[in-house]
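Scroll down for the structure; my scribbles are underneath it.
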Amino acid sequence: MMKKLLVALLVWLPTLTIAAGGGASECPQDPAPVDLRDKAQLQRGAKYYVNYCLGCHSLKYQRYGRLGEDLEIPKELVEQNLMFTGEQVGNTMNIAMPAVDAEKWFGVLPPDLSLKARVRGTDWIYNYLRSFHKDDSRPYGVNNLCFPDVGMPHVMADLQGIQDRGHETRLIDDEQKEFYIGLEVVEPGSLTPEEYDQVSADLAAFLTYVGEPVQVERQDLGWKVLLFIFIFFIFAYALKREYWKDIH
Ligand code: HEC
């Protein structure tokens, strides 16, 4: 009897955590259209990052020089287009804003984003950047579906415009009920929603690269090692047959 109860409990417990974890969040789960081998996408991401994000978020493990090499951007272009405050290419991508001021201005310290894509995942970053919406109760007038009560302003509002929650009324059991149907742009920005999605994906791709700069190389190396082992196996097998030939 006791045993049965224990088993039942073990089976039942995980369902509880699933119920608690999922469902509640309105954060979209769209997969980010990201290709880490697409250097053009990573270059665009780096450009947007420097222009829209580096003012607040450092990338303390990323050096400008390495960025140029990995993304195939010539040194002069890195210096002209990505470095604005007299750094050297050997420097890491720091911010000029003192931490004390940052905390005073935003209430929280804008976190370093070097490893953020590894913690949150590429798709989350993509959806987070697309999920700012109007909320007059917040200090900056915006909130975020993926990060409720976020301390970050919608820094790309000039591109995306302002979104608001769309509503739809449906008749259910003789009653008009309001349903939430996702965000829609209410004040257009300079980009179409599709173009803005692309910008978000480029940034997510860039942060994924920064989180693990050798990822593509590592995967390529893996295949080469497997190929080597396979070829080596053929020789080893031939050798084994040669050795055992006369023994049978
Ligand atoms: C004006 C300053 C500022 C700028 C510019 C800015 N952010 Fe932020 N960001 C913040 C602050 C402050 C937070 C912390 C929010 C909180 O904890 O409530 C934050 C949080 C984040 C987070 C969530 C981090 C976490 O803890 O999971 C991500 C991801 C992020 N920002 C990405 C970006 C990207 C990408 C850009 C450029 C498009 C950008 N931010 C530009 C201030 C900024």
Side-chain angles (χ1 to χ4, degrees), residues 21 24-34 36 41-62 64 67 71 81-85 92-163 183 185 189-191 193 195-213:
S25 171
E26 292 170 320
C27 182
Q29 310 281 321
D30 301 336
V34 155
L36 293 184
Q41 177 170 53
L42 293 178
Q43 289 171 0
R44 290 193 306 267
K47 185 185 74 184
Y48 295 131
Y49 192 87
V50 170
N51 285 299
Y52 285 99
C53 319
L54 191 58
C56 293
H57 295 286
S58 58
L59 296 174
K60 63 182 175 192
Y61 298 123
Q62 184 69 48
Y64 287 99
L67 183 74
L71 272 49
N81 296 315
L82 299 180
M83 297 162 60
F84 298 121
T85 46
T92 54
M93 300 177 74
N94 281 319
I95 51 170
M97 186 167 40
V100 198
D101 289 341
E103 275 213 77
K104 207 158 58 196
W105 294 333
F106 303 111
V108 279
L109 202 61
D112 182 90
L113 296 185
S114 299
L115 300 173
K116 196 50 84 182
R118 294 183 69 173
V119 180
R120 293 285 206 174
T122 310
D123 293 343
W124 187 88
I125 304 257
Y126 171 67
N127 289 305
Y128 167 71
L129 293 174
R130 298 157 70 227
S131 295
F132 282 92
H133 64 86
K134 198 174 152 91
D135 181 350
D136 293 330
S137 70
R138 299 294 305 154
Y140 294 108
V142 287
N143 210 329
N144 192 293
L145 292 185
C146 300
F147 195 141
D149 295 346
V150 71
M152 172 171 146
H154 186 10
V155 295
M156 297 194 291
D158 61 325
L159 303 180
Q160 187 185 29
I162 300 292
Q163 298 186 110
L183 298 178
V185 176
S190 60
L191 300 182
E195 288 168 339
Y196 182 78
D197 283 354
Q198 188 61 51
V199 171
S200 306
D202 295 348
L203 277 162
F206 174 68
L207 284 176
T208 307
Y209 152 77
V210 172
E212 195 186 353

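The figures that follow rest on heavy atoms only: side chains count, while hydrogens, waters and symmetry mates do not. One-based numbering, in listed order, for ligands and for the atoms of each. Keep in mind that this is a model prediction, so the values were computed, not measured.
Looking at Tyr48 against ligand 1, nothing comes within 4.0 Å, counting heavy atoms. Proximity of Val119 to ligand 1, defined as any heavy-atom pair under 4.0 Å, is not found for any part of the residue.
Between the CE atom in Met93 and the CG atom in Leu82 there is a gap of 6.5 Å [rounded to 0.5 Å]. Note: Met156 CE to Cys53 SG = 6.5 Å, rounded to the nearest 0.5 Å. Within the model, atoms CG of Leu207 and CD of Gln62 stand 10.0 Å from one another, a figure rounded to the nearest 0.5 Å. Between atom CG of residue Asn143 and atom CD of residue Gln163 there is a gap of 12.5 Å, rounded to the nearest 0.5 Å.
For ligand 1, the polar-atom distance check finds no N/O of Leu207 at less than 3.5 Å from any of the ligand's N/O atoms. Residue Trp124 has no nitrogen or oxygen atom sitting less than 3.5 Å from a nitrogen or oxygen atom of ligand 1, judged on distance alone. An N or O contact shorter than 3.5 Å is missing between Tyr52 and ligand 1 by distance.
Listed by atom number, the atoms of ligand 1 under 4.0 Å from Val150 heavy atoms are 15 (C), 18 (O). Close approach to Leu129 involves these atoms of ligand 1, each under 4.0 Å from a residue heavy atom: 35 (C).
Remark: Tyr128 pairs with Trp124, Phe132 by the ring-ring contact (aromatic ring centres under 6.0 Å, His included) rule, at least two apart or across chains.
Judged purely by atom type and a 3.5 angstrom limit, Arg44 has no side-chain atom pairing as donor or acceptor with the backbone of Val199. Looking only at distances, no side-chain donor or acceptor of Glu212 sits under 3.5 Å from a matching main-chain atom of Val210. Of the possible donor and acceptor atoms, one in the side chain of Gln43 sits under 3.5 Å from a partner among the backbone N and O of Leu71. Listed for the Asp123 side chain is no donor-acceptor partner under 3.5 Å among the backbone atoms of Pro31.
The heavy-atom pair separating Ile95 from Leu54 by the smallest distance is CG2-O, 2.6 Å.
Considering only non-hydrogen protein atoms, atom 15 (C) of ligand 1 sits nearest to Gly151 N, 3.4 Å. Protein heavy atom in closest approach to atom 28 (C) of ligand 1: Tyr128 CE2, 3.4 Å. Among protein heavy atoms, the minimum distance from atom 24 (C) of ligand 1 is reached at Lys116 CE, 3.5 Å. In terms of protein heavy-atom proximity, atom 17 (O) of ligand 1 is closest to Phe147 CZ, 3.5 Å. Protein heavy atom closest to atom 27 (O) of ligand 1, with residue, atom name and distance, is Arg120 NE, 2.7 Å.
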Contacts table for residues 98-109: side-chain donor-acceptor under 3.5 angstrom, sequence neighbours left out:
none

Could you list the donor-acceptor pairs under 3.5 angstrom formed by side chains in residues 110-120, with sequence neighbours left out?
residue	atom	partner	partner atom	Å
Asp112	OD1	Ser58	OG	2.6
Asp112	OD1	Lys60	N	2.8
Asp112	OD2	Ser114	N	2.9
Asp112	OD2	Ser114	OG	2.6
Ser114	OG	Lys60	N	3.0
Ser114	OG	Tyr61	N	3.3
Arg118	NH1	Gly211	O	3.2

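Here atom 8 (Fe) of ligand 1 has protein N, O or S atoms under 2.8 Å from it, and they come to 2.
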